[in-house]
Amino acid sequence: MIKTRIAPSPTGAIHIGLARTALYNFFYSRNKKGKFLLRIEDTDRERSTEASLNSIIEGFKWLGIEWDEGPFFQSQRFGIYKRFADKLIEENKAYRCFCSTDRLRNEREQASKEGRAWKYDRLCLNLTDDEIERKLKAGDPYVIRFFIPNGESVYNDLIHGEIRKKHSDIEDFVIMRSDESFTYNFSVVVDDALMGITHVIRGVEHINNTFKQILLYKALGFNPPLFAHLPLILGPDKKKLSKRHGASSIDEYRQDGIISKALVNYLTLLGWSPGDNREIMDLADIIALFDVKRVKKSNAVFDKDKLLWMNSMYIKEMDIEALSDEVLSFIKHQGINGMLSVIDKDRDYFYRVLELIRDRATTLVDLIETARIYLFEDYDIEKKAMKYIKTGIEHLKLIKQRYEALEVWDKSHLEEELRALSEERGEKAGLFIHPVRAALTGRKVGPPLFDIIEVLGKIRTIKRLDRVINMYII
RNA sequence: GGCCCCAUCGUCUAAUGGUUAGGACAUCACUCUUUCAAGGUGAAGAUACGGGUUCGACUCCCGUUGGGGCUACCA
């Protein structure tokens with residue numbers, strides 16, 4: 001059985017790249033009927049935070065990502081790593097290094113100034129047992145470095161094919177820090193091996209690490225898993241997407257009123273496509289079709305416009321109940337006051353309002369702002385709408401009288417009545433239509449007028465017309 | 001600098017070595033229409049460059065250029 005994992009480090013909110021990697025791992029495991037696990041890589045004590053951990057878990061849940069095992073925490077597994085590190089030292093596959101960070105930094109700086117490459121010079125490899133013993137006794141701080149043997153490594157990347165690298169290009173990297181915590185490359189190998197991960201799917205920035213890790217797998221006596229390296233998601237400037245680019249965490253999109261299904265759908269298509277021209281796909285479709293073999297090699301620029309378009313498609317085409325649920329949970333998540341009780345009072349009316357306004361909304365924020373107008377009677381009247389009202393005040397009075405007397409309240413009767421009135425007066429229907437929309441919604445533009453009036457119902461309509469007319473009586 | 005990865009419209013992408021190089025977003029035009037959208041129709045828009053291999057190359061090989069990533073006691 002295959003097993004994949006997502007292994008975030010809790011040093012910030014879920015950014016777009018992490019979300020997509022998680023999604024691909026999740027899809028792949030589901031497609032292959034395997035398992036998917038969550039592991040928190042909190043070996044960096046300095047940067048890991050509880051807040052970040054919570055927002056990652058909450059974010060994955062929002063995206064609909066479900067893990068079968070975990071979360072596991074690397075910070076709780078140092079004992080395990082220690083055993084394997086000790087074993088490597090015993091077998092002379094790793095060694096203690098007492099070099100000061102100052103010396104290392106100076107060497108590196110000097111080398112880069114002279115335009116030459118530098119890797120650790122193995123000074124401490126030549127230490128005699130006596131010297132090591134003495135330093136240990138003196139309590140000198142040390143790190144453990146992994147000894148890179150001579151040779152070359154090759155592996156077959158599921159996306160990129162065969163990639164090779166000479167060991168002479170890899171340095172004896174640190175696996176245990178001087179504070180006895182373990183570095184990423186080491187803990188990730190021990191964990192992936194022990195947890196039975198069969199497929200490691202992650203960003204291309206890890207290709208170089210892959211060779212270090214494969215060497216570690218072998219030194220430790222484990223079989224390496226299969227690797228698939230995903231293309232990067234870039235900002236508009238074609239640099240790796242980051243905080244610099246504005247909204248780079250999924251939380252920001254959530255707050256902007258993006259529906260998680262739309263975000264998932266969009267992210268899925270950044271680097272992968274099913275091969276036919278399908279774009280709008282639900283989770284079941286994606287899982288059924290997903291395969292890492294179809295993942296692109298080249299990086300992709302994140303296009304917010306297309307995300308917004310996709311979000312608007314979801315808003316337009318979702319079941320009305322599902323859309324309502326999205327709106328409700330958004331309101332709760334954002335802590336918007338006063339709306340929930342009004343919606344609950346008349347759920348059917350809310351559905352009709354959503355149906356009326358959904359076509360014109362791009363985000364949940366738009367949707368809620370517009371819904372407000374229909375839900376509350378104290379809606380504001382925009383300047384542009386006010387102009388229509390001013391010039392059309394007499395028409396408003398006339399149509400109000402007619403509508404008060406109207407018995408069948410549906411859009412065809414409403415339209416008939418208004419058109420009859422305008423014809424009687426030899427005027428264009430627009431002279432009525434525009435002021436009425438302006439009066440009823442406070443907006444110059446919006447849905448077709450008779451749809452608005454039908455949804456509003458007779459009571460609200462008359463009340464709203466009165467309110468506006470009265471503004472001019474005083 | 002060294003190592004590694006990548007290269008189709010502005011962007012996301014499709015194309016067993018044989019297609020008028022397809023679709024989507026964005027843009028523009030037309031259409032529908034009481035407004036604004038949506039929808040419909042259409043336009044414009046790409047194989048980075050140079051060499052090979054081949055009857056035939058977006059596709060395979062080499063080089064150039066360009067872009068990106070990594071180069072820590074971060075992950």
Side-chain angles (χ1 to χ4, degrees), chain A residues 7-11 18 41-44 46-48 74 97 99-101 104-105 108 111-119 141-145 157 159-160 163-166 168-171 173-185 187-188 202-211 229 231-232 234 236 238-240 266 269-280 294 296-310 312-313 316 357-362 388 415 418-419 422 428-434 436-438 443-450:
Chain A
S9 57
T11 54
L18 171 61
E41 310 223 320
D42 53 353
T43 59
D44 183 353
E46 304 276 304
R47 300 199 304 151
S48 301
Q74 289 191 325
C97 168
C99 293
S100 71
T101 49
L104 299 176
R105 185 169 17 99
R108 258 188 276 268
S112 105
K113 220 181 287 172
E114 291 167 21
R116 103 191 114 77
W118 191 82
K119 57 178 191 177
Y142 67 91
V143 300
I144 297 177
R145 287 183 185 273
D157 194 283
I159 294 166
H160 294 273
I163 303 179
R164 57 181 65 233
K165 196 178 188 93
K166 292 196 257 327
S168 55
D169 289 324
I170 308 172
E171 79 168 346
F173 60 93
V174 172
I175 61 176
M176 189 191 82
R177 302 186 188 97
S178 53
D179 67 355
E180 302 209 305
S181 66
F182 290 84
T183 61
Y184 162 75
N185 278 307
S187 50
V188 80
R202 64 201 341 181
V204 264
E205 67 268 29
H206 288 293
I207 284 188
N208 287 310
N209 285 327
T210 304
F211 295 96
H229 287 95
L232 258 21
L234 274 21
K238 310 246 178 156
K239 303 266 188 219
K240 198 169 157 184
Y266 175 73
L269 258 15
L270 227 43
W272 175 84
S273 75
D276 50 24
N277 286 326
R278 291 174 67 185
E279 294 210 299
I280 305 288
R294 283 196 63 88
K296 291 260 296 185
K297 291 179 182 177
S298 51
N299 296 340
V301 173
F302 187 86
D303 181 6
K304 192 173 178 185
D305 281 346
K306 186 147 185 180
L307 203 215
L308 254 17
W309 166 78
M310 196 163 271
S312 74
M313 291 303 286
K316 261 190 277 289
I357 64 177
R358 70 199 299 192
D359 275 6
R360 259 152 281 254
T362 304
Y388 276 126
E415 180 161 8
L418 185 144
R419 290 199 187 277
S422 63
K428 281 192 197 162
L431 286 176
F432 287 92
I433 288 171
H434 295 296
V436 175
R437 180 186 289 105
R443 300 292 178 276
K444 186 184 160 191
V445 299
L449 178 65
F450 304 106

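Chain A is the first sequence line, chain B the second, and so forth, proteins listed ahead of strands; every chain is numbered from 1.
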Report all interatomic pairs (protein N or O, nucleotide N or O of nucleotides 40-42 of chain B) with separations under 3.5 Å.
none

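- Rounding to whole angstrom units, CG of residue A/Asn209 and P of B/rA75 are separated by 10 Å.
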Detail all sub-3.5 Å separations between protein N/O atoms and N/O atoms belonging to nucleotides 20-24 of chain B.
| from | atom 1 | to | atom 2 | distance (Å) |
| --- | --- | --- | --- | --- |
| B/rG22 | N2 | A/Asn277 | OD1 | 3.2 |
| B/rG23 | O4' | A/Asn277 | ND2 | 3.4 |
| B/rA24 | O4' | A/Glu279 | OE1 | 3.3 |
| B/rA24 | O2' | A/Glu279 | OE1 | 2.5 |
| B/rA24 | O2' | A/Lys306 | NZ | 3.1 |
| B/rA24 | N3 | A/Lys306 | NZ | 3.1 |

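- Comparing B/rG66 with B/rC73, their C1' atoms sit 36 Å apart, to the nearest whole Å.
- In this structure a side-chain-to-backbone donor-acceptor pair under 3.5 Å is missing from A/Lys119 to A/Phe173.
- One finds a side-chain N or O of A/Ser273 lying less than 4.0 angstrom from the OP1 or OP2 phosphate oxygen of B/rA14.
- For a distance-only test at 3.5 Å, the side chain of A/Ser178 qualifies as a donor-acceptor partner of the base of B/rC73.
- For B/rU35, there is no paired base (Watson-Crick or G-U wobble, both distances below 3.5 Å).
- Nucleotide B/rA24 forms a pair with B/rU11, judged by Watson-Crick or G-U wobble geometry with both contacts under 3.5 Å.
- With both ends at atom C1', the span from B/rC62 to B/rG69 equals 24 Å, rounded to whole Å.
- Using a 4.5 Å heavy-atom cutoff, the side chains of A/Leu449 and A/Arg437 are in contact.
- Among B/rC5, B/rU34, B/rC73, the nucleotide with an atom closest to any side-chain atom of A/Thr183 is B/rC73.
- Atom name P, nucleotides B/rG51 and B/rC12: the rounded distance is 28 Å, in whole Å.
- Separating the CZ atom of A/Arg47 from the C1' atom of B/rA75 is a distance of 6 Å, rounded to the nearest angstrom.
- Atom NZ of A/Lys316 is separated from atom P of B/rC36 by 16 Å (rounded to the nearest Å).
- Within the 4.0 Å cut-off from OP1 or OP2 of B/rG69, not a single side-chain nitrogen or oxygen of A/Lys239 is found.
- Set against B/rU34, B/rA72, B/rA75, the side chain of A/Glu41 has B/rA75 as its closest nucleotide.
- Take the nearest nucleotide of RNA chain B for A/Arg294 and for A/Asn299: the residue whose nucleotide is more 5' is A/Arg294.
- Counting only heavy atoms from C-beta outward, the side chains of A/Met176 and A/Val143 never approach each other to under 4.5 Å.
- When rounded to the nearest whole Å, the span between CE of A/Met310 and C1' of B/rA26 equals 14 Å.
- Distance check: A/Leu307 CG to A/Ser312 OG gives 10.5 Å after rounding to the nearest 0.5 Å.
- For A/Val174, whose side chain is taken as the heavy atoms from C-beta onward, the closest listed nucleotide among B/rG69, B/rC73, B/rC5 is B/rC73.
- What separates CZ of A/Arg437 from C1' of B/rU33 is a distance of 11 Å, to the nearest Å.
- Using modelled atom types, one finds no donor on one side chain facing an acceptor on the other under 3.5 Å when comparing A/Thr183 with A/Asn185.
- Checking side-chain atoms of A/Asp157 against main-chain N and O of A/His229 turns up a donor-acceptor pair under 3.5 Å.
- The partner of B/rA48 is B/rU64, by the rule that a Watson-Crick or G-U pair needs both atom distances under 3.5 Å.
- For the pair A/Ile207/A/His160, a side-chain contact is recorded, criterion being any heavy-atom separation below 4.5 Å from C-beta on.
- With both ends at atom P, the span from B/rU53 to B/rU59 equals 15 Å, rounded to whole Å.
- Nearest to the side-chain atoms of A/Asp305 among the listed nucleotides B/rG2, B/rC5, B/rA26 stands B/rA26.
- Taking atom NZ of residue A/Lys444 and atom P of nucleotide B/rU33, one finds them 20 Å apart after rounding to whole Å.
- Partner assigned to B/rU16 is none, using Watson-Crick or G-U wobble distances below 3.5 angstrom.
- Nucleotides B/rA48 and B/rG67 have their C1' atoms positioned 11 Å apart, rounded to a whole Å.
- Out of B/rA37, B/rC4, B/rU34, the shortest distance to the side chain of A/Pro448 is found at B/rU34.
- Judged purely by distance below 3.5 Å, without hydrogens or angles, the side chains of A/Lys165 and A/Asn208 pair a donor atom with an acceptor atom.
- Contact between the side-chain N/O atoms of A/Lys297 and the OP1/OP2 oxygens of B/rC6 is found at a separation under 4.0 Å.
- Using atom P as the reference point in both B/rU16 and B/rA7, the two lie 15 Å apart (nearest Å).
- Nucleotide B/rC70: paired with B/rG2 (Watson-Crick or G-U wobble, both distances less than 3.5 Å).
- A gap of 32 Å separates the P atoms of B/rU33 and B/rG22, to the nearest Å.
- Contact annotation: the side chain of A/Tyr184 never approaches that of A/Asp44 to less than 4.5 Å [non-hydrogen atoms, C-beta and beyond].
- Taking side-chain N and O atoms only, A/Thr43 has a distance below 4.0 Å to OP1 or OP2 of B/rA75.
- With contacts defined as side-chain heavy-atom distances shorter than 4.5 Å, the pair A/Arg202/A/Thr210 qualifies.
- Panel note: side chain A/Tyr266, backbone A/Asp303; a donor-acceptor pair is recorded below 3.5 Å.
- Taking atom CZ on A/Phe211 and atom C1' on B/rG69, their separation rounds to 14 Å, with Å as the unit.
- Separation of the C1' atoms belonging to B/rA46 and B/rU8 is 5 Å when rounded to the nearest angstrom.
- Between A/Arg419 and A/Leu234, the residue anchored closer to the 5' end of RNA chain B is A/Arg419, taking for each the nucleotide with the nearest heavy atom.
- Residues A/Ile433 and A/Tyr388 are not in side-chain contact: their nearest non-hydrogen atoms beyond the backbone lie 4.5 Å or more apart.
- When the P atom of B/rC5 is taken as reference, atom CZ of A/Arg164 falls 10 Å away, rounded to whole Å.
- Nucleotide B/rC30: paired with B/rG40 (Watson-Crick or G-U wobble, both distances less than 3.5 Å).
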